[in-house]
Q: 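Please find one structure pasted underneath; my questions will follow.
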Amino acid sequence: AARNLIDDFSHQDLSNTAWAFAKVACQNWPLLRQLGAASHSRVEEFVPQDLTNTAWAFAVFAFEDIPLFEAIAARSIRTISEFL
C-alpha cells in the first residue's frame, strides 16, 4: 500500500518509512527502490533527522543506492551545523 502513496509522502514520511522497515528487518526491495528514488529527488527538503534515518535504513539492508548516498552526503555537508 505504501508504494502507491510514495509520491504524496513528505520528506519525513519518506525517512520514517525507510527507518520503520529497517527497524523491523522487513526487506522489501521494490519499496526501497521507490523510497530511494523519491528521497533522492527530494533530499534538499530533508532535515538532519531525515538524512540520518534514511542513511541508516539503507545501510541496515546494505542496499547500495550510490546516487542517494551521494545526495545525502552532499546535503549533510551543507547542513553540518544543524547536527551539532
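What you see is a predicted model; the values in this text were computed from it and never measured. What's counted below: heavy atoms across the whole structure, side chains too, no hydrogens, waters or symmetry copies.
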Q: To the nearest 0.5 Å, what is the distance between CG on N53 and CD1 on I72?
A: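 It comes to 10.0 Å.
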Q: Within the distance-only criterion (no hydrogens, no angle test), does the side chain of S15 pair as donor or acceptor with the backbone N or O of Q12 below 3.5 angstrom?
A: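 Looks like yes, one N/O pair under 3.5 Å.
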Q: Within this structure, what is the CG-CG distance for the pair D65 and L35, rounded to the nearest 0.5 Å?
A: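 The CG atom of D65 sits 10.5 Å away from the CG atom of L35.
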Q: What pairs with E45 under salt bridge (Lys or Arg N to Asp or Glu O under 4.0 Å), at least two apart in sequence or on another chain?
A: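 If we apply the salt bridge (Lys or Arg N to Asp or Glu O under 4.0 Å) test to E45, skipping adjacent residues, the hits are R42.
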Q: Nearest 0.5 angstrom please: D50 CG to S39 OG, how far?
A: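 Atom-to-atom, D50:CG and S39:OG are 8.5 Å apart.
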Q: Quick check: is W56 connected to V24 through a chain of hydrophobic side chains (ILVMFWY, heavy atoms under 4.5 Å apart)?
A: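 No: no chain of side-chain contacts under 4.5 Å links V24 to W56.
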Q: With side-chain contact (heavy atoms from CB on, under 4.5 Å) as the criterion, how do I6 and L31 come out once you've worked through the C-alpha distance, each side chain's angles and the decisive distance to 0.1 Å?
A: CA-CA 9 Å; I6 285 178; L31 177 65; 3.6 Å; yes
Q: Working to the nearest 0.5 angstrom, can you tell me the gap between L51 CG and I80 CD1?
A: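 Separation between the atoms: 10.0 Å.
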Q: What is the minimum heavy-atom distance between A18 and A57, and which atoms define it?
A: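 Looking at all heavy atoms of both residues, the shortest contact is O-CB, 3.2 Å.
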Q: Hey, is the main chain of D13 close enough, under 3.5 Å, to the side chain of N16 for a donor-acceptor pair?
A: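 Side chain of N16 to backbone of D13, a donor-acceptor pair under 3.5 Å: no, none is there.
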Q: Would a 4.5 Å heavy-atom cut-off, applied to side chains only, mark T54 and V43 as touching?
A: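 Result no, sub-4.5 Å side-chain heavy-atom pair not found.
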Q: Look only at the side chain of R75 and the backbone of F46, and say whether a donor-acceptor pair between them is shorter than 3.5 Å.
A: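 Pair found, side chain donor or acceptor close to backbone of F46.
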Q: Report the residues that fulfil ring pair (Phe, Tyr, Trp, His ring centres under 6.0 Å) with F63, sequence neighbours left out, ordered by chain and then residue number.
A: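 F63 satisfies ring pair (Phe, Tyr, Trp, His ring centres under 6.0 Å) with W29, F58 once adjacent residues are dropped.
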Q: In Å, rounded to the nearest 0.5 Å, how long is the span from NE2 of H40 to CD1 of I66?
A: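 Output value for this atom pair is 11.0 Å.
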